[in-house]
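Below is one structure, written out as structure tokens, with a few remarks after it.
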Amino acid sequence: MKEALILKGYEVAKERYAAIGIDADKAMEALQNISLSLHCWQADDVAGFESAGELTGGIQTTGNYPGKARNMEELRADLLKAASYIPGTHRVNLHEIYGDFGGQFVDRDQVEPKHFESWMQWAAEQGMKLDFNSTSFSHPKSGDLTLANPDKGIRDFWIEHTKRCRAVAEEMGRRQGDPCIMNLWVHDGSKDITVNRMLYRDLLKQSLDEIFATDYRNMKDCVESKVFGIGLESYTVGSNDFYIAYGATRQKIVTLDTGHFHPTESVADKLSSLLLFIPEIMLHVSRPVRWDSDHVTIMNDDTLDLCKEIVRCDALSRVHIGLDYFDASINRIGAYVIGSRATQKCMLQALLEPLQTLRAYEAAGQGFQRLALLEEAKSLPWNAVWDMFCLKNNVPVGEEFIGEIEQYEREVTSKR
Ligand code: RNT
Ligand code: ZN
């Protein structure tokens with residue numbers, strides 16, 4: 001798009017916003033400081049590099065669009081390609097199964113920081129920081145129960161795995177001079193009516209306490225709940241209630257995955273409650289369609305509400321924004337770009353909200369005025385600010401990235 005046109009659009013937008021007391025330059029500055037944590041698993045349908053086994057643990061990818069990353073080099077290249085269309089500086093979120101195992105089979109209870117040495121070097125070269133996840137799915141010992149397994153041998157295997165993952169995250173955080181956020185999600189649950197609910201939850205609680213017994217300074221733990229997994233529909237050990245209580249009593253970060261709640265529940269509404277009792281929140285921004293389907297995030301009301309709530313809670317420094325979806329039915333690099341840019345567009349609109357006036361209306365009981373301004377704000381020229389933000393960051397403005405991703409597909413991914 002022509003630069004002159006973008007600049008002209010921005011000047012007009014800036015004036016419109018100034019008229020309602022909003023500084024568009026400041027909003028762009030704030031957006032510049034927000035790093036998304038890009039989930040490595042969109043590039044290869046959550047396969048990883050440990051083994052060629054199937055994806056288990058109640059999660060699924062659907063689709064077989066050609067060109068997925070088959071190895072670490074391809075995955076890194078795809079991530080960088082995607083990042084080149086996403087304005088700003090972002091982080092990369094790794095799962096344990098994406099380690100650099102050098103062609104050897106390294107079992108989960110054997111993982112060490114050295115298996116992520118090349119990732120740490122690569123990330124430093126790219127000026128990107130890393131986040132991390134333990135991986136309890138897609139393994140012969142996964143079954144239906146891992147950390148909550150009554151079999152001590154299996155439970156200890158996963159406790160050891162998760163402890164080692166924390167050590168990996170600590171090393172990542174130390175090296176990058178910024179805490180590595182390590183997420184813990186286990187699929188533990190059961191398909192049918194369960195009569196020992198308390199037992200498994202008690203075991204999970206004990207396992208977690210054992211895992212978290214070591215204090216680290218360069219990593220932060222978060223725990224993620226969900227409603228149910230495929231094949232594990234009747235009972236989820238790590239439910240929302242479980243992890244909220246756990247996070248509040250242990251002062252751990254709670255991860256809110258936008259696909260992990262009942263469809264009419266507002267994830268945005270959870271922030272202000274949680275932030276009063278837990279230190280920080282990690283988000284897994286996703287798009288559930290009828291279930292936790294992990295469709296590509298788009299700029300819809302759910303994502304907008306979530307971002308607005310972060311700003312309204314003045315919690316930009318306490319909320320980490322990660323993406324978590326895996327669409328195997330479309331160009332996977334395109335999927336990264338769409339979801340990341342959509343999240344950023346939502347954040348930008350949140351940062352441009354005339355909050356002071358809205359709050360004054362609310363305090364004065366002026367309900368009509370509050371609703372009217374909320375509605376009018378929707379059609380303020382935030383998109384001209386977005387274009388300007390892309391221009392400033394040297395990334396394609398508007399739909400220009402479609403053609404570029406098509407070209408990469410022609411030249412690279414379609415040949416895989
Ligand atoms: C699963 C959780 C979890 C995973 C990733 C791969 O329902 O959302 O976060 O998607 O760890
Ligand atoms: Zn998630």
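Remember, it's 1-based here, ligands and their atoms both numbered in the order they're listed. These figures come from a predicted structure and were not determined experimentally. Nothing fancy with the numbering, it's 1 onward along the sequence.
With a cut-off of 2.8 Å, the Zn ion (ligand 2) has an N, O or S atom of His284 in range.
Residues Met182 and Cys222 have side chains not in contact (no heavy-atom distance under 4.5 Å, counting atoms from C-beta outward).
Remark: the Asn183 side chain and the Asp131 side chain contain no N/O donor-acceptor pair separated by less than 3.5 Å.
Protein heavy atom in closest approach to atom 10 (O) of ligand 1: Asp324 OD2, 2.8 Å. Counting only heavy atoms of the protein, atom 9 (O) of ligand 1 lies nearest to Glu224 OE1, 2.7 Å.
Per-residue contacts place Lys226 under 4.0 angstrom from the following atoms of ligand 1 (heavy atoms of the residue considered): 1 (C), 7 (O). Each of the following atoms of ligand 1 lies closer than 4.0 Å to a heavy atom of Ile59: 1 (C), 7 (O). Atoms of ligand 1 found under 4.0 Å from any heavy atom of His284 (numbered from 1 in listed order, with element): 9 (O). Close approach of ligand 1 to Asp292 is summarised as follows: ligand atoms under 4.0 Å from at least one heavy atom of the residue are 7 (O). Close approach of ligand 1 to Phe326 (heavy-atom distance below 4.0 Å) involves ligand atoms 10 (O).
Nearest N/O/S atom of Asp257 with respect to the Zn ion (ligand 2) is recorded as OD2. Among heteroatoms of the N, O or S kind in Asp324, OD2 lies nearest the Zn ion (ligand 2). For Glu224, the N, O or S atom with the smallest separation from the Zn ion (ligand 2) is OE2.
Taking a cutoff of 4.0 Å between a charged side-chain nitrogen and a carboxylate oxygen, Glu280 and Arg318 do not qualify as a salt bridge. A salt bridge does not link Lys81 to Glu404: none of the charged nitrogens lies less than 4.0 Å from a carboxylate oxygen. A salt bridge links Asp221 with Arg166: at least one charged nitrogen is closer than 4.0 Å to a carboxylate oxygen. Remark: Glu170 does not engage Arg174 in a salt bridge, criterion side-chain N to carboxylate O under 4.0 Å. In summary, Lys68 and Glu74 do not engage in a salt bridge, as defined by a charged side-chain N under 4.0 Å from a carboxylate O. Contact check on Asp109 versus Arg164 returns no salt bridge, with no Lys/Arg side-chain nitrogen under 4.0 Å from an Asp/Glu carboxylate oxygen. Between Arg250 and Asp209 there is a salt bridge, since at least one side-chain N of the basic residue sits less than 4.0 Å from a carboxylate O of the acidic one.
An N or O contact shorter than 3.5 Å links His95 to ligand 1 by distance. Of the N or O atoms in Asp257, one or more lie within a sub-3.5 Å distance of an N or O in ligand 1. Taking only nitrogen or oxygen atoms, main chain and side chain alike, Asn183 does not reach within less than 3.5 Å of ligand 1.
With a 4.0 Å cut-off on non-hydrogen atoms, His187 does not touch ligand 1 at all.
Crowding of Ile193 atom CD1: a count of heavy atoms from other residues, nucleotides or ligands under 6.0 Å not exceeding 12.
For His260, the heavy-atom gap to ligand 1 drops under 4.0 angstrom.
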